[in-house]
Amino acid sequence: MTTLCIRQGRVIDPENHIDVICDVWIENGHISHMGHIEEVADQEINATHCVVCPGLIDMHVHLREPGEEWKEDIESASKSAVAGGVTSMCCMPNTTPCLDHAGVVHQILNRAKEVGLCRIFPIGAVSRQLKGKEITEMRDLSKAGAVAFSDDGLPIWHAGTMRKALEYASSFGYLIIQHAEEFELTKDGAINEGIVSSMLGLKGMPNEGEDCMVARDIMLTELTGGRYHVAHISSARSIEMVRHAQEKGLSVSAEAAPHHFALTELELLNFNTNAKMNPPLRTEADRMAVVKGLRDGSIAVIASDHAPHHEDDKCCTLDCAAFGIVGLETLLPVSLELVHQGHLSMSEVVAKLTSNPAKLLGLDVGTLGLGKKADIVIFNPSEDWMLDSKKLRSKSKNTPWDGKIMRGTVHYTLLGGEVVYQKEVSS
Ligand SMILES: [Zn+2]
């Protein structure tokens with residue numbers, strides 16, 4: 001039997017309403033007990049001044065494997081994840097081949113097991129080849145290990161396909177995750193439609209591109225009794241609609257990406273292609289609406305939308321550049337800004353990164369309950385570090401925070417009681 005003890009950290013486990021300074025004892029990879037522990041373990045970790053909480057769950061990650069391994073692969077994404085305190089990630093289906101059949105799900109799960117750093121939970125495709133027309137064999141995908149369904153990268157565009165997907169999924173309780181975008185309104189757009197797009201002379205993507213899709217989908221959720229989740233919600237009116245749907249008792253949920261509550265379209269004023277993403281950075285009013293949604297619970301989850309791109313796809317003009325940023329290593333410090341700025345409590349932020357996504361997806365992780373797998377992150381919430389994009393573990397370096405000071409440093413990440421990441425001690 002191997003034992004490990006984490007000493008004197010601030011232990012936060014939202015699922016069990018725990019927020020207390022104590023020791024955590026781990027036996028054979030599982031959480032065994034908490035409190036003041038006299039016994040000495042085989043391995044001891046000092047967590048003074050640190051938060052000890054469940055390993056983070058990032059429910060929105062683009063792994064790029066299979067098909068675009070020059071941007072990222074399962075190994076590099078896993079290294080990036082654990083450096084960011086993430087021990088479980090859900091991967092989106094827009095790979096090549098895409099996750100529309102069980103074989104690809106098996107392939108990803110096998111590769112994740114070989115790498116062995118981070119748990120990976122695949123999201124299956126809603127439509128065959130992500131073409132938005134025929135729905136996939138969701139039951140087969142689920143049996144193979146898919147935990148939810150989405151066409152992310154693309155919207156589930158046709159209303160008829162969305163209706164069928166919600167109807168079919170509702171019989172099994174599957175969650176349908178939507179990248180809410182009406183292409184007819186956003187076509188050729190590079191950034192948010194508004195004052196910045198006018199100043200830069202670029203075609204914009206209006207909030208209505210997101211709002212129309214969310215409105216339609218909420219109606220279809222009501223019609224079908226399905227479970228609907230808005231990915232990377234960014235528009236004030238969409239958030240209002242989600243809140244209203246929840247008040248009506250519909251099974252509607254949403255996630256926000258850190259860039260949408262930390263940044264606005266003003267980042268684009270210097271033509272920074274690393275601030276180009278989809279949905280785009282929007283106005284201060286939208287940013288504050290995301291913060292409000294996180295505060296009042298309408299937005300239950302924070303997820304990175306980690307979208308690695310090669311330099312070649314970003315070293316070009318704004319209208320040509322690819323959409324997306326890497327996010328696994330900035331997910332925690334940018335989310336902690338919500339605590340430092342007094343918007344949310346530490347426990348609330350931890351819940352949005354652990355127990356809330358676990359509950360939504362039915363995953364048996366995201367808590368420090370006794371007997372549970374010891375997936376744990378230990379971080380100092382007030383320790384600063386400077387982000388040097390060249391040092392990111394991800395193969396891609398497309399981040400808008402290059403050179404910025406990040407507050408919140410991961411010291412250890414544990415997966416099933418094994419240390420899979422440890423902060424380097426600077427000499
Ligand atoms: Zn998306």
Side-chain angles (χ1 to χ4, degrees), residues 58-64 67-68 71-72 77 89-96 98-100 121-127 129-132 146-158 161-162 165 175-187 189-192 205-214 216-217 228-235 238-239 242 252-261 263 274-282 286 290 293 299 301-309 313 321-328 331 357 360-361 396 398-400:
D58 188 345
M59 70 174 281
H60 196 133
V61 172
H62 296 274
L63 290 176
R64 306 302 188 208
E68 290 181 303
K71 294 181 177 180
E72 194 78 291
M89 49 184 169
C90 300
C91 61
M92 284 298 168
N94 62 335
T95 47
T96 315
C98 71
L99 269 82
D100 66 353
F121 296 97
I123 309 267
V126 164
S127 71
Q129 297 180 307
L130 305 176
K131 284 190 171 162
V147 297
F149 295 89
S150 181
D151 273 358
D152 189 76
L154 296 166
I156 302 154
W157 194 17
H158 295 278
T161 307
M162 185 51 131
L175 184 71
I176 300 291
I177 302 172
Q178 172 72 301
H179 166 113
E181 180 179 3
E182 173 51 73
F183 282 145
E184 291 292 332
L185 293 171
T186 59
K187 205 161 49 186
I191 64 172
N192 185 46
M205 304 161 86
N207 286 46
E208 286 72 10
E210 180 172 317
D211 301 340
C212 284
M213 208 51 128
V214 171
R216 180 203 80 177
D217 290 347
Y228 173 69
H229 178 83
V230 187
H232 42 55
I233 199 160
S234 70
S235 155
S238 289
I239 297 163
V242 164
V252 170
S253 56
E255 82 202 15
H259 43 268
H260 287 129
F261 56 76
L263 305 174
N274 285 328
K276 179 180 175 180
M277 58 281 280
N278 187 8
L281 297 176
R282 299 198 192 269
D286 291 301
V290 175
I299 304 173
V301 172
I302 300 174
S304 73
D305 193 8
H306 179 79
H309 284 293
D313 301 314
F323 289 105
I325 62 166
V326 288
L328 285 164
L331 174 67
L360 199 58
L361 297 163
S396 294
N398 48 315
T399 172

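Count residues from 1 along the sequence. Order of appearance sets the numbers: ligands from 1, and atoms from 1 within every ligand. Just the heavy atoms: all of them, side chains too, but no hydrogens, waters or symmetry mates, feed the values below.
Residue contacts to the Zn ion (ligand 1): His60 brings no N, O or S atom closer than 2.8 Å.
Nearest N/O/S atom of His179 with respect to the Zn ion (ligand 1) is recorded as ND1.
Relative ring orientation between His232 and His60 is described as tilted, the plane-to-plane angle lying within the 30° to 60° band.
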- Query: Which is it for Ser396 and His309 under the side-chain hydrogen bond (donor to acceptor under 3.5 Å, both in side chains) test, yes or no, and what are the steps along the way?
  - Reply: CA-CA 6 Å; Ser396 294; His309 284 293; over 6 Å; no
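Just one residue in the list Asp151, Asp217, Asp152 forms a side chain to side chain donor-acceptor pair (under 3.5 Å) with Gln178, and that residue is Asp217.
Between His232 atom NE2 and Asp152 atom OD1, the angle centred on the Zn ion (ligand 1) amounts to 100° (nearest 10°).
Here the straight-line distance linking atom OG of Ser235 with atom CD of Glu210 works out to 5.0 Å at 0.5 Å rounding.
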